[in-house]
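Since the structure comes first, as structure tokens, the remarks are kept for the end.
Computed from a predicted structure; not experimentally measured. Heavy-atom basis, side chains included; hydrogens, waters and symmetry copies ignored.
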Amino acid sequence: TRDETFKYPLYRSPEDLIRIDLSPFSEKFKGESIVARIEGKKVQPYYSKHQIDAEKVLEGKALEIAWLKDRLDVAFLHIQGSGRLRLRDGNELLVNYQASNGRPYRSIGRYMIEKGFVGREEMSMQGIRKYLTDHPEVLDEVLNSNPSYVFFRQVEKGPLGSLGTLLTPGRSLALD
């Protein structure tokens, strides 16, 4: 439930988000697709991270799976693609990647290095969290440098890898 502490939504995929296979239009588009939404009679790019977070274009559409207390927790969950949420009642909720807004992913760590916020040797999830906690004035800039937005689904088992298989602790590798 949204309240003063837990106020950052974790969204499931909206019904107006569609993936359009471009292959039927031309051989040169074979294997290519776009993520979009239909507005009137126009195909539009799906909303950016800024539109979703700052302009709140998805608010009121009952897409919330849960509410998190920290924007950085949401950002790291977007990067990781799956996670375990501990609820106030002690239960856990497993979430996994369902879809994205189709915008290109840009590493916030790389952006922070390019801007001189942190050095390469200090770059880690912990380093990002520490810097952005100590410098909240750049939080929006850094988080919005990545226009990609991830939507989640609830799962019974997890965490799941990109192929939908259950990850083995200490043995699974990321292939992205």
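Residue pairs meeting the side-chain hydrogen bond (donor to acceptor under 3.5 Å, both in side chains) criterion with at least one partner in residues 147-156, sequence neighbours excluded, do not occur; the list is empty. Listed by first and then second residue, the salt bridge (charged side-chain N to carboxylate O under 4.0 Å, His left out) pairs that reach into residues 15-31 come to none, sequence neighbours excluded. Evaluation of the salt bridge (charged side-chain N to carboxylate O under 4.0 Å, His left out) test over residues 55-67, restricted to residues two or more places apart or in two chains, returns Arg2-Glu59. Sorted by first then second residue, the side-chain hydrogen bond (donor to acceptor under 3.5 Å, both in side chains) pairs that include residues 109-122, not counting sequence neighbours, are Arg106-Glu114, Tyr111-Glu141.
Here Glu4 pairs with nothing under the side chain to side chain donor-acceptor pair (under 3.5 Å) rule; sequence neighbours left out. By the side chain to side chain donor-acceptor pair (under 3.5 Å) test, Asp53 pairs with Lys49, sequence neighbours left out.
Judged by distance alone, the side chain of Asp140 and the main-chain N or O of Ala54 form no donor-acceptor pair under 3.5 Å. A donor-acceptor contact shorter than 3.5 Å is absent between the side chain of Arg37 and the backbone of Ile18. A distance-only check finds a donor-acceptor pair linking the side chain of Asn101 to the backbone of Tyr47 [under 3.5 Å]. Under the 3.5 Å distance criterion, the side-chain polar atoms of Glu32 are left unmatched by any main-chain donor or acceptor of Leu22.
Between His78 and Phe152, a ring centre-to-centre spacing shorter than 6.0 Å is recorded.
Using a 4.5 Å cut-off on side-chain heavy atoms (C-beta onward), Gln51 and Leu58 make no contact. Two residues are said to be in side-chain contact when any heavy atoms from C-beta on lie closer than 4.5 Å; Asp3 and Arg88 meet this criterion. Looking only at side-chain heavy atoms (C-beta outward), Asp73 and Tyr8 stay at 4.5 Å or farther from each other. Between Ser23 and Phe29 there is no side-chain heavy-atom pair separated by less than 4.5 Å. Using a 4.5 Å heavy-atom threshold, the side chains of Phe6 and Thr1 count as separate.
Once rounded to the nearest 0.5 Å, the distance linking NZ of Lys7 with CG of Asp70 reads 10.5 Å. A distance of 9.0 Å separates OH in Tyr97 from OG in Ser13, rounded to the nearest 0.5 Å. Between atom CD1 of residue Ile65 and atom CZ of residue Arg12 there is a gap of 5.0 Å, rounded to the nearest 0.5 Å. Remark: Leu132 CG to Leu143 CG distance equals 6.5 Å, nearest 0.5 Å. Atom CG of residue Asn96 and atom CG of residue Leu77 lie 9.5 Å apart, to the nearest 0.5 angstrom. Here the CD1 atom belonging to Ile113 is positioned 11.0 Å from the CD1 atom belonging to Ile108, to the nearest 0.5 angstrom.
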Derivation and outcome, side chain to side chain contact (heavy atoms under 4.5 Å, CB included), residues Met112 and Tyr131: CA-CA 9 Å; Met112 291 175 70; Tyr131 186 87; 3.6 Å; yes
Intermediate values then yes/no, side chain to side chain contact (heavy atoms under 4.5 Å, CB included), Met123 and Ile128: CA-CA 7 Å; Met123 182 47 59; Ile128 292 171; 3.6 Å; yes
Working for side chain to side chain contact (heavy atoms under 4.5 Å, CB included), residues Leu94 and Ser82: CA-CA 8 Å; Leu94 299 175; Ser82 67; over 6 Å; no
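Under the 4.5 Å side-chain heavy-atom criterion for grouping Ile, Leu, Val, Met, Phe, Trp and Tyr, Trp67 is not connected to Val74 through any hydrophobic cluster. In the hydrophobic clustering of this structure, Val150 does not group with Val155; members are Ile, Leu, Val, Met, Phe, Trp, Tyr whose side-chain heavy atoms approach within less than 4.5 Å, directly or through other members. Under the 4.5 Å side-chain heavy-atom criterion for Ile, Leu, Val, Met, Phe, Trp and Tyr, Val142 and Ile79 are members of the same hydrophobic cluster.
Taking 4.0 Å as the cut-off between side-chain N and carboxylate O, Asp134 and Arg129 do not count as a salt-bridged pair.
In terms of heavy-atom proximity, Pro104 sits nearest to Pro147 at O-CG, 3.4 Å. Annotation for Val95 and Leu10: closest pair CG2-CD2, 4.0 Å, computed over non-hydrogen atoms. Contact detail for Ala66 and Leu85: the closest heavy-atom pair is CB-CD1, 3.7 Å. Here the closest heavy-atom approach between residue Ala36 and residue Ile20 is recorded as CB-CD1, 4.1 Å.
Using cut-offs of 30° and 60° on the angle between ring planes, the pair Tyr11 and Phe151 is tilted.
Heavy atoms from other residues, nucleotides or ligands lying under 6.0 Å from OH of Tyr105 number more than 12.
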